[in-house]
Structure formats: C-alpha cells, structure tokens
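The structure appears below as structure tokens.
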Amino acid sequence: MTVTENVPAATASLPPLAARARSIGGSPVRDILAVTARPEVINFAGGLPAPELFDAEGIAAAYRDVLAETPARALQYSTTEGEPALRAALAARTSARGLATGADDILVTTGSQQALSLLATALLEPGDTVLVERPCYLAALQAFGLAGARVVAVPGDEHGIDPGALEELVVRERPKLLYTVPTFSNPTGRTVPAARRAAVAEVAGRCGLWIVEDDPYGELRFEGERVPWIASYEGARDRTVLLGSFSKVMAPGLRLGWLRAPAELRRACAVAKQAADLHTPTVNQLAAARYLADRDLDAHVARVAAVYGERRDAMLAGLADALPAGSVWTRPEGGMFLWARLPQGYDTTALLPEVVRHDVAYVPGAPFHAGEPDRATLRLCFVTQTPDEIAEGLWRLGEGLRAA
C-alpha cells in the first residue's frame, strides 16, 4: 500500500500595507499614556479634561429624555450633515460669538479630529504642501501625513505665526492650506493676538490659501479678553474652515465636533464623511441638542474654567523649582497646556524614562515639530490633577530631572 504524506501547501505572502500606513507612526502621547497607566503616576502627559468636572447628571438627563421621548429617531440612522436641532444650536452659539452662521453652514463630525481627516480627504492630493505652526498639534501632523501631504512649519515667535514668513512660504511653496490653533494652542498654550490674526487673514485673501482654524479650547478662558476668530476677518471669510468640539467643554466621550466651511468645501467633506461613517451617532447629537436647550453650558464652562485657572496657577507656582535654571515657559490665559523649554543641551525624550521612574510624566516636545525638532521642549497638561497633586508631581519632576 502506498502512503501519501499530507504536506501543507505553500502559502503566498500577503500584499503589504499602504505606504501611508507604513510611513506614519502612532501617537507618542498615546504611547506615553500606555506606559504611565499605573495609578501612582502623576500624569501631566495626557490632554484629558478633569472627569470630576463633567456634568454627568445633566448629560445623563439629556440622554434619558431623548430616549424616553423620541426613541425611534434617536436610535435610527441620521443625515450625514447632522441633526437639524444640533446644527441650529451650534450656529446660534457661533453667531452669538461674532461670526454670523446658519445651520446649513455646519457639518457635525465625530469629534473635531474627524473634521481634520475629512478636510485632508477633500483638499489634499499626495505631495500637496500644508503649512502648520511650529510646534503643531500632533494629531494634525498625523492626519496630514496620512494624506500624503508635505508638511512645512511656518516660523513664528511667542505671538504665533509670522505673517511675513507665511507670505514668503505661500509664494514659494504654493500650499493648499494653513492649519492653526490660534487660541490656547496645543501644545504651547499661546494665543495669537488680534493684529496678527488680521495679518494672517490678509495674506490668505491676497495670496490664495485655505485656513483651517481649530478652536477646541477657546471657551476655556480664565483671564484676559476674547480674541475674534480668524474666520471673522474680511480677508478670510470665504476661505476659512472653523473647527469646534464639545470634547473639552462637555465631555470627550460624546465624540461630537463640527466644522463651519464654505458651501463647496462643506459638501465635499460631507461626501467624505459618507464614506467614513455615514453620520455621527444620532443619539449623541440629540442628547447634546437637548442639553443645550435645557442647561446653561456657558455657566458650566465658566465653572470648569475657574477650576482650570487655579490648576494653571498651581503649576506656574512650582515650575521654577522643578525645572533647571535657565528654563522658560508659557503663561496661558486659558486652555489646558503650557510649554516649557529647558536650557540648550537638554533632551526631554532622553530624560523621560528617568522622570517616569519617579512616577510623573510629561510629553517631550520633539514629536510636535514638522521638520527639525526642538529637543529641549516639553508639554505639560495642568487640568487633570488637583493643585496638591500638581505640587507633588512637580516635586517628582524636579527629582527626576536632577537624577537623570
């Protein structure tokens, strides 16, 4: 009898991942949070709102009311552009802050991070140039990188982008868009003054440039006067996309953001959203609209901002003892972050492991740079911990830096 051996057939290798997926790394912030998840770590690395300040009762009531009164609608598919009640409420809030807006000007997104992805899809071809601040919000660099864009940083100073340098780059590079977080920037916490905003708007109008103005933190002001959106300046009215979010003022778990854009670009983003997720969850939108109708969000934000201001003050009070002599840092008037630069020769990425061994963490500044990084920089989030925890965390930070 002949015995036939059962030999597995050879298998072919699978096709590779797309080049854009292979070339773009993950988020260093997320990687740090995974490493520092131990409860004993005082974590200044995350960009997390303080959970004890969420209006959990008010949000829960909004969901209960929506599910009790309109369950079929709340649990059904919705339109891509967003629930009319929420779009109308967002338009009213935007208009009240000085930028006339109708409900049809708004596209609701699944967090404002999705808005960046939709804009990248609608505007960018591989190889197109995008201009950003130096340093820049990390997830924006990821979104533009995944789109295959060439990302170029615009020189600036403590007041933000230099309009003259911006114009030179627009003429030379012919970029599609400028991305900016002009109010309480992530990562620096700085705010671009009104005159500088007007100059940026003028460059965009004269040279032909889209502006993507991201404003997730603007309502979290604890001192100073509000500065108008770039979108409100005449030269930028027809070429600025304004992004907003409930993540920092209501709750990030809702995953609710929006964009306000000119009609043609907004329609292109809606088509991109249809391909991405069809629409943002209906029940979340209706609950947010109900919350806005029944509760005073502005009063809630004022309470949150007051607490955040105390926490910023606690961090500012302890930085001089925690950081090496010669360090400098920002003094934000709102938002969640401040930015520090250690003296020449320090590398905050190399220092981080020793700091984490002292049960405290920050985000090194290098990943926030397009192009050559400034390795002596770091970002600190001051809103998640209490003043006493911040004081303890800064003491640990100083011990860790001295031990490295």
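- Not one N or O on the side chain of Asp214 forms a donor-acceptor pair closer than 3.5 Å with the backbone of Val181.
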Q: Show the numbers, then the answer: is there a salt bridge (Lys or Arg N to Asp or Glu O under 4.0 Å) between Asp359 and Arg38?
A: CA-CA 9 Å; Asp359 292 333; Arg38 293 178 287 117; 2.9 Å; yes
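- Taking both residues in full, the closest heavy atoms of Phe184 and Leu220 are given as CE1-O, 3.8 Å, listed atom of the first, atom of the second, then distance.
- With a 4.5 Å cut-off on side-chain heavy atoms, Asp321 and Trp395 do not count as touching.
- In this structure, Leu351 and Leu342 have side chains that are in contact, with non-hydrogen atoms separated by less than 4.5 Å.
- With respect to Arg396 and Glu399, no salt bridge is recorded, no charged nitrogen being found less than 4.0 Å from a carboxylate O.
- Within a 6.0 Å radius of CD in Glu225, no more than 12 heavy atoms belonging to other residues, nucleotides or ligands are found.
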Q: Decide salt bridge (Lys or Arg N to Asp or Glu O under 4.0 Å) for Arg93 and Asp298; before the verdict, give the C-alpha distance in whole Å, the side-chain angles of both, and the deciding distance to 0.1 Å.
A: CA-CA 10 Å; Arg93 288 180 65 81; Asp298 292 333; 3.1 Å; yes
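- Judged by distance alone, the side chain of Arg375 and the main-chain N or O of Asp347 form no donor-acceptor pair under 3.5 Å.
- Between Arg341 and the options Thr348, Asp374, Thr330, a side chain to side chain donor-acceptor pair (under 3.5 Å) holds for only Asp374.
- A side-chain donor-acceptor contact under 3.5 Å links Arg197 and Thr183.
- Rounded to the nearest 0.5 Å, atoms CD (Glu234) and CG (Asp238) are 8.5 Å apart.
- Glu264 and Arg267 are not joined by a salt bridge, as no carboxylate oxygen comes within less than 4.0 angstrom of a charged side-chain nitrogen.
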Q.
Assess the residue pair Arg73 and Glu83 against the criterion (salt bridge (Lys or Arg N to Asp or Glu O under 4.0 Å)); give the C-alpha distance rounded to whole Å, side-chain angles, the decisive distance to 0.1 Å, and a yes or no.
A. CA-CA 10 Å; Arg73 180 180 174 190; Glu83 279 295 317; 2.5 Å; yes
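- Looking at Thr80, its side chain does come within 3.5 Å of a backbone N or O of Leu278 through a donor-acceptor pair.
- Contact of the Pro252 side chain with the Pro49 side chain is registered, since non-hydrogen atoms from C-beta on lie closer than 4.5 Å.
- Screening Phe222, Tyr308, Tyr137, Phe337 for a ring pair (Phe, Tyr, Trp, His ring centres under 6.0 Å) with Tyr217, the sole residue that qualifies is Phe337.
- The number of heavy atoms from other shown groups lying within 6.0 Å of CD (Glu40) is above 12.
- Under a 4.0 Å N-O distance rule, the pair Glu219/Arg97 qualifies as a salt bridge.
- A donor-acceptor contact shorter than 3.5 Å is absent between the side chain of Glu213 and the backbone of Thr180.
- Judged by distance alone, with hydrogens and angles left aside, the side-chain atoms of Arg312 form no donor-acceptor pair with the main-chain N or O of Gly335 at under 3.5 Å.
- Here the closest non-hydrogen pair linking Arg239 and Ala204 is NH1-O, 3.1 Å.
- Without hydrogens or angle criteria, Lys176 side chain to Leu123 main chain gives a donor-acceptor distance under 3.5 Å.
- For the atom pair CZ (Arg295) and CD (Glu57), the distance works out to 5.5 Å, reported to the nearest 0.5 Å.
- Remark: the backbone N or O of Arg190 is not paired with any side-chain donor or acceptor of Ser185 at under 3.5 angstrom.
- Side-chain contact, Thr280 with Thr110: a donor N or O sits under 3.5 Å from an acceptor N or O.
- No side-chain donor from either of Arg255 and Thr109 sits under 3.5 Å from a side-chain acceptor of the other.
- Look at Glu133 and Arg196 and you find no salt bridge, because none of the NZ, NE, NH1 or NH2 atoms lies under 4.0 Å from a carboxylate O.
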Q: Kindly indicate, with the supporting measurements, whether the criterion side-chain contact (heavy atoms from CB on, under 4.5 Å) is fulfilled by Leu119 and Trp210.
A: CA-CA 11 Å; Leu119 289 165; Trp210 285 104; over 6 Å; no
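- The shortest heavy-atom contact between Ala143 and Gln113 is CB-NE2, 4.2 Å.
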Q: Please test Arg357 against Glu354 for salt bridge (Lys or Arg N to Asp or Glu O under 4.0 Å), starting from the C-alpha separation and ending with a verdict.
A: CA-CA 5 Å; Arg357 280 192 283 273; Glu354 181 61 38; 2.9 Å; yes
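- The CZ atom of Arg290 lies 4.0 Å from the CG atom of Asp65; values are rounded to the nearest 0.5 Å.
- Of all heavy-atom pairs spanning Arg221 and Thr191, the tightest one is NH2-CG2, 4.3 Å.
- Taking all atoms of both residues into account, the shortest heavy-atom contact from Ile390 to Phe382 is CD1-O, 3.5 Å.
- Judged purely by atom type and a 3.5 angstrom limit, Ser112 has no side-chain atom pairing as donor or acceptor with the backbone of Ala115.
- Between Cys269 and Leu259 the shortest heavy-atom distance is SG-CD2, 4.2 Å.
- Within a 6.0 Å sphere centred on CZ of Arg206, other residues, nucleotides and ligands contribute more than 12 heavy atoms.
- Between Asp105 and Arg266 there is a side-chain heavy-atom pair separated by less than 4.5 Å.
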